[in-house]
Amino acid sequence: MRPDTSAEYVDHNAEAARLERTAGLYPEDAEHLLLQAAAHLELADDRPRATAFYDRLLSSATPLENPFLVRALKAANLWEYGHEAEAKAIIEGVRAASPRDPAPWVIVAESLESHDELEAAQQTFTEAATHLLTDVPEPPYATHPVLFGRHRVRRMLGLPHDNWDALADTLHSSPVSLDELHDPKRVWSLGSDNPAELEAEISRLRAELGTYREALSRPFPVAVLHWPAAELSELLTAYPTLAEEYPSHEEHLATIEASLRELAASGTPNLGIVTGTVPSYEAFAASEGASPGDASLLPQYATTLAARGRAEAWPPERGAGCWCGSGVSYGECHGANQGTGV
C-alpha cells in the first residue's frame with residue numbers, strides 16, 4: 001500500500017508495522033522500506049515515531065544510498081510538530097552539502113515554502129537549479145520539480161520571469177500554463193460566484209491532478225531483470241534448468257537492451273532495470289514456496305525488486321555509466337548508435 005493512499009482505505013500504523021517487518025527480512029532494502037514506513041506514520045500523525053525511523057536510518061552502521069534525502073525528510077517532519085530550530089539547522093546542512101540528487105533539495109525548499117519562508121525557499125530552489133542544471137543540455141525528469149517549485153515560489157513573490165522560469169515553462173506539458181497554475185490569486189476564485197471563474201479553477205485543478213498522478217506513477221517502473229556475470233554464473237551452476245533462459249551472459253545483456261527498446265517503442269513509459277543476486281532470488285523463491293529453478297518466478301522476482309525500490313531508470317541519464325556495469329558510459333556501450341538520444 002502506497003503512503004499517498006487515503007486514510008479512509010488504509011490503516012497507516014498497520015502499514016508502517018508491516019513495512020518495518022519487511023525491512024527486517026530484507027535488510028538490503030531497509031532504507032527504502034523504512035522511509036515508506038515513516039511516511040505512513042506521518043500520515044497517521046505519529047510524527048515523533050516517524051522521526052525515530054529517520055534517526056534509526058541515520059545512525060545505522062550500514063551506509064545509506066541517499067543520506068541527504070533521509071535528513072531532508074527528517075527536517076520537514078520535525079518542523080511539522082514544533083521543532084523549527086532543529087529543522088532549520090538540518091535544512092542548512094543539506095543546502096551546504098549540495099547533494100546531486102534533486103529530491104532533498106525539493107523537500108527542504110518545499111518545507112520552507114509551506115512555512116511561509118518564501119525568500120529562503122526561492123534561494124534554495126535556485127541553488128538546486130544552479131548546482132544540478134548548469135551546462136546540462138536537457139534537464140532530467142527528476143529535476144523538473146526543482147524548476148516547477150522555483151517557478152511557483154517566484155510567482156508568489158511577484159518576481160519577473162528569468163531563464164530558469166522560461167525553461168520550466170517549456171518542460172511543463174499540462175494544457176494549463178504554469179503562470180496560471182501558480183497564480184497567487186487562485187484561492188479567491190474558489191469562493192467566487194462567477195461560474196466562468198469556477199469552471200476555470202476546476203480545469204486548473206484537473207491539470208494539477210493529472211501531473212500529480214503522472215509523478216506518482218514513476219517510482220514503480222516496468223522493470224527488466226539483470227544478472228551481473230558472476231551472479232548469472234552462480235545461478236546457472238546452482239539451477240541448470242535456467243540455462244534455457246540465459247544461453248550466455250552476452251546474450252542476456254543484449255536481450256535486456258532489446259526488450260527495453262521494444263517496450264519504449266510500443267509507448268510503455270517509466271522503464272527500469274533491477275539487478276538480481278542469487279541469495280535474494282533464493283529467499284524470494286522460498287517466500288513463494290517455489291523452486292528457484294522455476295523460470296516463471298523470474299518476472300515475479302523482477303516485479304518484487306521494483307516494488308522494493310531497487311529499479312534504476314532506463315535509459316540512463318546523459319553521460320551516466322551503462323546499466324550493465326561495464327564502467328563505460330551508456331552512450332558508448334549498450335546505448336551506442338541506436339537512436340536513444342542519450
Side-chain angles (χ1 to χ4, degrees), residues 68-69 72 75-76 79 88 91-92 94-192 194 196-218 269-270 313 317-319 341-342:
F68 298 113
L69 174 62
W79 203 336
K88 284 186 172 181
I91 286 172
E92 287 307 307
V94 171
R95 290 174 65 180
S98 298
R100 293 300 304 173
D101 178 14
W105 287 103
V106 172
I107 290 164
V108 297
E110 289 185 346
S111 184
L112 290 163
E113 178 188 355
S114 68
H115 292 279
D116 295 324
E117 302 271 357
L118 297 183
E119 287 287 354
Q122 193 271 149
Q123 291 168 6
T124 303
F125 276 126
T126 300
E127 288 170 11
T130 303
H131 181 61
L132 299 173
L133 297 174
T134 298
D135 297 327
V136 174
E138 184 177 345
Y141 181 88
T143 64
H144 292 191
V146 170
L147 294 169
F148 296 158
R150 184 179 182 277
H151 185 289
R152 179 180 62 248
V153 172
R154 288 172 59 81
R155 189 80 164 84
M156 287 191 285
L157 288 169
L159 298 174
H161 269 38
D162 62 9
N163 290 338
W164 292 124
D165 292 320
L167 179 58
D169 285 332
T170 63
L171 295 172
H172 179 63
S173 59
S174 168
V176 180
S177 71
L178 280 181
D179 274 342
E180 192 172 351
L181 287 176
H182 297 162
D183 185 352
K185 298 179 181 178
R186 278 182 56 192
V187 68
W188 298 350
S189 66
L190 293 174
S192 173
N194 185 330
E197 289 184 1
L198 289 172
E199 185 175 348
E201 181 58 21
I202 289 170
S203 296
R204 288 191 287 263
L205 290 170
R206 282 175 175 163
E208 284 184 307
L209 181 60
T211 302
Y212 179 63
R213 284 174 171 165
E214 179 185 354
L216 283 179
S217 73
R218 295 193 68 84
N270 194 20
E317 294 177 8
R318 185 184 301 271
V342 295

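Note that this is a predicted model, so its numbers are computed, not measured. We count residues from 1, following the sequence as given.
For the ring pair (Phe, Tyr, Trp, His ring centres under 6.0 Å) condition, no pair includes a residue of residues 121-140, sequence neighbours left out. Among residue pairs with one or both ends in residues 169-178, none qualify as salt bridge (charged side-chain N to carboxylate O under 4.0 Å, His left out); sequence neighbours excluded.
Distance NE2/H151 to CG/D162: 9.5 Å, rounded to 0.5 Å. Atoms CG and CH2, from L133 and W164 in turn, are 5.0 Å apart once rounded to the nearest 0.5 Å. Distance OG1/T143 to CG/L132: 7.0 Å, rounded to 0.5 Å. Of the inter-residue distances, the one linking I91 atom CD1 with E117 atom CD reads 8.5 Å to the nearest 0.5 angstrom. To the nearest 0.5 angstrom, L112 atom CG is 5.0 Å from T124 atom OG1. Separation of atoms CZ (R152) and CD (E113) is listed at 4.0 Å; rounding is to 0.5 Å.
Heavy-atom minimum distance, L118 versus V153: O-CG1, 3.4 Å. Scanning all heavy atoms of the two residues, the minimum distance from P102 to A142 falls at CB-O, 3.4 Å. The nearest pair of heavy atoms linking S111 to S114 is O-OG, 2.9 Å. The two residues I107 and A72 have their closest heavy-atom pair at CG2-O, 3.5 Å.
Under the rule for a side chain to side chain donor-acceptor pair (under 3.5 Å), the partners of T126 that lie at least two apart in sequence or sit in another chain are Q122, R150.
Although no hydrogens or angles enter the test, the distance criterion places no donor-acceptor pair under 3.5 Å between the side chain of R154 and the main chain of D165.
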Mind running side-chain contact (heavy atoms from CB on, under 4.5 Å) on W105 and V94 for me, showing each step along the way? CA-CA 8 Å; W105 287 103; V94 171; 5.8 Å; no

